[in-house]
2 protein chains.
Amino acid sequence: MPTGTRSWSASPTSWPQALPSASDDIFRAIADPTRRHILDLLAERGPLTVGQLAAEFPDLVASGISKHLMNLRATGLVSAERQGRQQLYRIEGEVLSEALAPWLVKYERYWSAALQHLRQLAEEGRRLSP
Amino acid sequence: MPTGTRSWSASPTSWPQALPSASDDIFRAIADPTRRHILDLLAERGPLTVGQLAAEFPDLVASGISKHLMNLRATGLVSAERQGRQQLYRIEGEVLSEALAPWLVKYERYWSAALQHLRQLAEEGRRLSP
DNA sequence: GTAATAGATTACTATATGGTAAGATATCGT
DNA sequence: ACGATATCTTACCATATAGTAATCTATTAC
């Protein structure tokens, strides 16, 4: 499935108010809990293979993970590097942050409380594991 | 459709690795471009009625907007207040930020570039409209 | 009271999505 | 070369989703 394949074919008269953008795909990608978990694992542990990731999902078959990774790769959120017969998947965090940032600023004013809360968490975390 | 209705019924032997949480619903809610647009409008313009919102979506029928608003209300991202025969919808920005913040911190290290970019944008914005 | 208006709800449809299973491809170990 | 391993691909299925149209409810205007 190529990156931008959406049922976009026949829009006869009127256009939707917003063309589907790259960030649309990213929002859809992170909507799925399994994909978020995959991203979390890649962020925590660094690059992992399909097999290593699949081991973390006892309820999912490996090809399911592979499909999710294809999805994530299509959005640019992860990249892959062959290593012999396995494939190392790496998170592309900048793609995530740069796609989300412009949207998040719109809600900037609602972040003060959350940020304070986070700062506090970060402080505690730093104190626990320096 | 009540808030937490997911196909959760028969999980005979094994449990999925993560129970569906409130933030799952929020991620799913913001995955839809129409709902993001609704949130954007509410954040920009303040509380709006269904009719006012529907006017911004020439390709959508009003009941569609209403359904999206029900969805958003179920997640807590918007709240409603009756005003005579109309309903004023208001964004609940803290719900958004508090749901997203814990997830976003996991990718903290990827934000520096994006944040700098944002800071710059904010600076320019402040200079343009003080 | 009656008509009109604003919105919610329901029934229905088409499509998208996540998942599995089975087969294809490429690489490694012997 | 051969079998095992790792991943990708395809076909297929069940469910979720977004959308419309029609109906229902409540409120305002006359």
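Per chain, numbering begins at 1; letters A, B, ... match sequence-line order. Just so you know, these numbers come straight off a predicted model, no measurement behind them.
Residue A:His68 places no side-chain N or O under 4.0 Å from the OP1 or OP2 atom of C:dT17. In this structure, A:Gln87 does not reach the D:dA6 phosphate: none of its side-chain N or O atoms is under 4.0 Å from OP1 or OP2. Within the structure, a side-chain polar atom (N or O) of B:Thr49 is placed less than 4.0 Å from OP1 or OP2 of C:dG7. Listed pair A:Tyr89 / D:dA6 fails the phosphate criterion, with no side-chain N or O lying under 4.0 Å from OP1 or OP2. An OP1 or OP2 oxygen of C:dT27 is reached within less than 4.0 angstrom by no side-chain nitrogen or oxygen of A:Gln86.
Whole-Å rounding puts the B:Asn71 CG to D:dG19 P distance at 11 Å. Rounded to an integer number of Å, the gap from CZ of B:Arg73 to P of C:dA8 is 6 Å. Atom CG of B:Leu69 is separated from atom P of C:dG7 by 10 Å (rounded to the nearest Å). A:Phe57 has its CZ atom 9 Å from the P atom of C:dG19, to the nearest Å. For the pair A:Glu81 CD and D:dA6 C1', the interatomic distance rounds to 16 Å; values are reported in whole Å. Atoms CE (A:Met70) and C1' (C:dT25) sit 14 Å apart, rounded to a whole Å. Atom C1' of nucleotide D:dA26 and atom CD of B:Gln83 are separated by 15 Å, given to the nearest angstrom. Residue A:Leu88 contributes atom CG, which lies 13 Å from atom P of D:dA6 at whole-angstrom precision.
Among the protein residues, A:Arg35 comes within range of the sugar-phosphate backbone only, with heavy atoms under 4.0 Å from sugar or phosphate atoms but none that close to a base.
In this structure, A:Arg36 satisfies the cation-pi test against B:Phe27, with its NZ or CZ atom closer than 6.0 Å to the six-membered ring centre and inside 45 degrees of the ring normal.
A donor atom on one side chain and an acceptor atom on the other are not found under 3.5 Å apart for B:Thr49 and B:Gln86.
Among the nucleotides C:dG18, C:dG7, D:dA18, the one closest to any side-chain atom of A:Asp32 is C:dG18.
Remark: the A:Arg85 side chain and the D:dT7 base include no donor-acceptor N/O pair separated by less than 3.5 Å.
With A:Arg82 contributing its side chain and A:Leu88 its backbone, the two residues share no donor-acceptor pair below 3.5 Å.
For the residue pair B:Asp25 and B:Thr75, the shortest heavy atom distance occurs at O-CG2, 3.8 Å.
Positionally, the nearest nucleotide of DNA chain C for B:Ala80 lies more toward the 5' end than for the other of A:Gly84 and B:Ala80.
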Taking only nitrogen or oxygen atoms into account, show me every contact under 3.5 Å that the protein makes with nucleotides 20-23 of chain C, one pair per line with its distance.
| from | atom 1 | to | atom 2 | distance (Å) |
| --- | --- | --- | --- | --- |
| C:dT20 | OP1 | A:Asp59 | O | 3.0 |
| C:dT20 | OP2 | A:Val61 | N | 3.1 |
| C:dA21 | N6 | A:Ser63 | OG | 3.4 |

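A 4.5 Å side-chain heavy-atom check between B:Tyr110 and B:Glu108 finds every atom pair outside the cut-off.
Residue A:Leu77 forms a side chain to side chain contact (heavy atoms under 4.5 Å, CB included) with just one option from A:Asn71, A:Ile38, A:Leu96, A:Ile91, and that option is A:Leu96.
Salt bridge annotation for A:Arg45-A:Glu56: present, with a cationic side-chain nitrogen under 4.0 angstrom from a carboxylate oxygen.
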